[in-house]
Protein chains: 2
Amino acid sequence: MSPRSPAKPQPNPQQNHLLAALSPDVQSRLFPHLELVHLPLRALMYESGTSMSHVYFPTDSIVSLQYVMENGASTAILVVGNEGLLGITLFMGGESTPSRSVVQSAGYAYRLPRPQVKEEFNRHGQLLLLMLRYTQALITQVAQTAVCNRHHSIDQQLCRWLLLSMDRLSHNHLTMTQEFIGHMLGVRREGVTQAALKLQQLGVISYSRGLIKVIDRDQLEHLSCECYEVVKKETAILLTYLPQRQLIKNPEDIPVVVLKTQ
Amino acid sequence: MSPRSPAKPQPNPQQNHLLAALSPDVQSRLFPHLELVHLPLRALMYESGTSMSHVYFPTDSIVSLQYVMENGASTAILVVGNEGLLGITLFMGGESTPSRSVVQSAGYAYRLPRPQVKEEFNRHGQLLLLMLRYTQALITQVAQTAVCNRHHSIDQQLCRWLLLSMDRLSHNHLTMTQEFIGHMLGVRREGVTQAALKLQQLGVISYSRGLIKVIDRDQLEHLSCECYEVVKKETAILLTYLPQRQLIKNPEDIPVVVLKTQ
DNA sequence: TGACTTATGTGCGCTAGCACACCGAGCCAG
DNA sequence: CTGGCTCGGTGTGCTAGCGCACATAAGTCA
């Protein structure tokens, strides 16, 4: 979480889909306040019960939210990458949640300080609409995770996890140990080892010491459970359904216009 | 879902916590549009992929949201009773979700037509704030369900489920078969039978042919996993944290005032 | 009253995932 | 180049929950 860009990453807020979806005038208000930060692997972005000072828009980093049980066991319930944003609690009203955010893949993110978020949010324009849509997509992701935990095998869930991660990266390799994945899926490391072995034997992935390469993505999708597709589609629908042009610039116009009065 | 009250139930919108939390002026705008409806057991309120015409505020009914898998297996991911509302998609922006809503305990609810919801929502006053808070509480419930599905036994989950249901009723008995509970928890009927037997032998509950009586609630809480408490607390915090007085009547004032600028 | 339906109890064999334990190979620092 | 650490592979039991099959009990209705 070291502030400022050290080397020279891809310094472009447009890499984040949510930021990119905003209209030029909203962008011109917000972008001056954006700060580029580097998120190192396994950094703790946000601990259960604490309050957040910024909202983060990942560009090439991935952060996952996990719920931790009393006995220490944990499960990741959702993944945030360049398609979304970290810190919805900040505008949802509650100041904190019982979850924890961990950087799952190192990279960069732009962050926006709390006051600016609140201010823009309270203009009740594009940002509000976009955040609500995104929140709904998040709920879908969390819900699907719940069902997946109940009904699908570790094998399938590993595929789902790899795919979710891949989608948020621009390359085909992931830096994470099996132990780490185990924590994310809420299963034992050995279980991940078994599942990973199968995938490797099938020629779908290859890996060594914390570096996983996806070789056959199509196969991976076949082997995954439906949960991946459901989440992906739902997210796509929610965020494309409201293209920039249709957004209302003037808060006055937002409401009843849009809805077919059934 | 037969409209209008047939006999004479408890015709009072204040029984719903969310409606009750609104200030008199908002209530006076909304209440004339409320329609009391009866929700019969197992009625399908809302099928996956369809669009909702009303938002429902249960008084003494309970509705649960379930996600259904391709193979037909399903799991309930959250429960809505008099503490909340059914149909957040309506104001979140997406028109539908991949979930299904089933009446889990028969009773009454007030419903508000879509146009009125949208209109009030777009005033950006109390209702908006309240809905956002409630949505955050929902996310917590869904997330906790996900973790619970992974880490806890059927026994514990049955306790959690009974408690969640009890909290939304004014009496100590539930009308639901073990088969039905099985569908809700996403487990086999036999699994529920085993768990229920244990509870009965411990004198915690008694049941027969679809009627479950809770005898020792304290015990039930002890036997449940932590998930119940977490959800309950989080919901309480989110909804009391914003008492009526602190709500801003004038949309202009909503924003930056509230936040400690950290 | 007897046949039928629905809700619950139970047994059996099977598999997934767990707990624990131990090993080997790569990697790094002194 | 050596000792220690991390990551990954494997084996041996054990248990929870599943699928299936069947037995009973409690209502329901002709």
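FYI, side chains are in, hydrogens and waters are out, and symmetry mates aren't considered; it's all heavy atoms of this structure. Labels below follow one simple rule: chain letters A, B, ... track the order of the sequence lines, proteins then strands, and each chain is numbered from 1.
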### Summary
Of dG17(C), dG9(C), dG8(D), the nucleotide closest to the side chain of R189(A) is dG8(D)
### Message
Let me spell it out: for each of Q201(A) and R209(A), pick the nucleotide of DNA chain D with the closest heavy atom. Which residue's pick is nearer the 5' end?
### Response
R209(A)
#### Entry: For atom CZ of F180(A) and atom P of dC7(D), their distance in whole Å
11 Å
### Query
Starting at the 5' end of DNA chain C and moving along, which residue's nearest nucleotide shows up first, G186(A) or Q194(B)?
Q194(B)
### Query
Expressed in angstrom and rounded to an integer, what is the separation of M69(B) atom CE from dC18(D) atom P?
15 Å
### Message
If I take atom CE from residue M184(A) and atom CD from residue Q178(A), how far apart are they, to the nearest 0.5 angstrom?
### Response
14.5 Å
### Task
Could you tell me the separation between the CG atom of L211(B) and the C1' atom of dA25(D), rounded to a whole number of Å?
16 Å
### Message
By the definition side-chain contact (heavy atoms from CB on, under 4.5 Å), identify the one residue from T175(B), L164(B), V79(B), V80(B) that meets it with Q104(B).
### Response
V79(B)
### Query
Quantified as the angle between the terminal helix axes (five pairs each), what is the overall bend of the helix from dT1(C)-dA30(D) to dG30(C)-dC1(D) to 10 degrees?
30°
### Query
Just to confirm, is there a sub-4.0 Å distance from OP1 or OP2 of dA25(D) to any side-chain nitrogen or oxygen of Y207(B)?
no
### Task
Give a yes or no on whether the backbone of L185(A) and the side-chain of R150(B) come within a donor-acceptor separation of less than 3.5 Å.
yes
### Task
Could you work out which one of dT10(D), dG9(C), dT10(C) sits closest to the side chain of E190(B)?
dT10(C)
### Task
Verify the contact: side-chain N or O of Q178(B) to OP1 or OP2 of dG9(C), cut-off strictly under 4.0 Å; return yes or no.
yes
### Query
Can you name the closest pair of heavy atoms from Y67(A) and V147(B) and give their distance?
CB-CG2, 3.3 Å
### Task
Whole angstrom is fine here: how far is it from CD1 in I154(A) over to C1' in dA16(D)?
14 Å
### Task
For salt bridge (Lys or Arg N to Asp or Glu O under 4.0 Å), just list the numbers for D167(A) and R217(A), CA-CA rounded to whole Å, side-chain angles, deciding distance to a tenth of an Å, and then say yes or no.
CA-CA 11 Å; D167(A) 285 353; R217(A) 198 200 143 101; 3.0 Å; yes
### Query
What is the distance, rounded to the nearest whole Å, between atom CZ of R150(B) and atom P of dA16(C)?
14 Å
### Query
Given that H152(A) and S208(A) both sit by DNA chain C, which one's nearest nucleotide is further toward the 5' end?
H152(A)
### Message
Does atom NE2 (H183(B)) have a neighbourhood of more than 12 heavy atoms from anything else shown, all under 6.0 Å?
### Response
no
## Note on the structure
ring pair (Phe, Tyr, Trp, His ring centres under 6.0 Å) pairs touching residues 195-237 of chain A, sequence neighbours excluded, are none
### Task
May I have the distance from N149(A) (atom CG) to dA16(D) (atom P), rounded to whole angstrom?
20 Å
### Query
Between atom NE2 in H151(A) and atom P in dG19(D), what is the gap in whole Å?
10 Å
### Message
Could you tell me how far apart Q157(A) (CD) and dG17(C) (C1') are, to the nearest whole angstrom?
### Response
12 Å
### Message
Please tell me if R188(A) has a side-chain N or O lying less than 4.0 Å from either OP1 or OP2 of dC18(C).
### Response
yes
### Query
Which part of the nucleic acid, if any, lies within reach of G191(B) when heavy atoms closer than 4.0 Å are counted: base, sugar-phosphate only, or nothing?
nothing
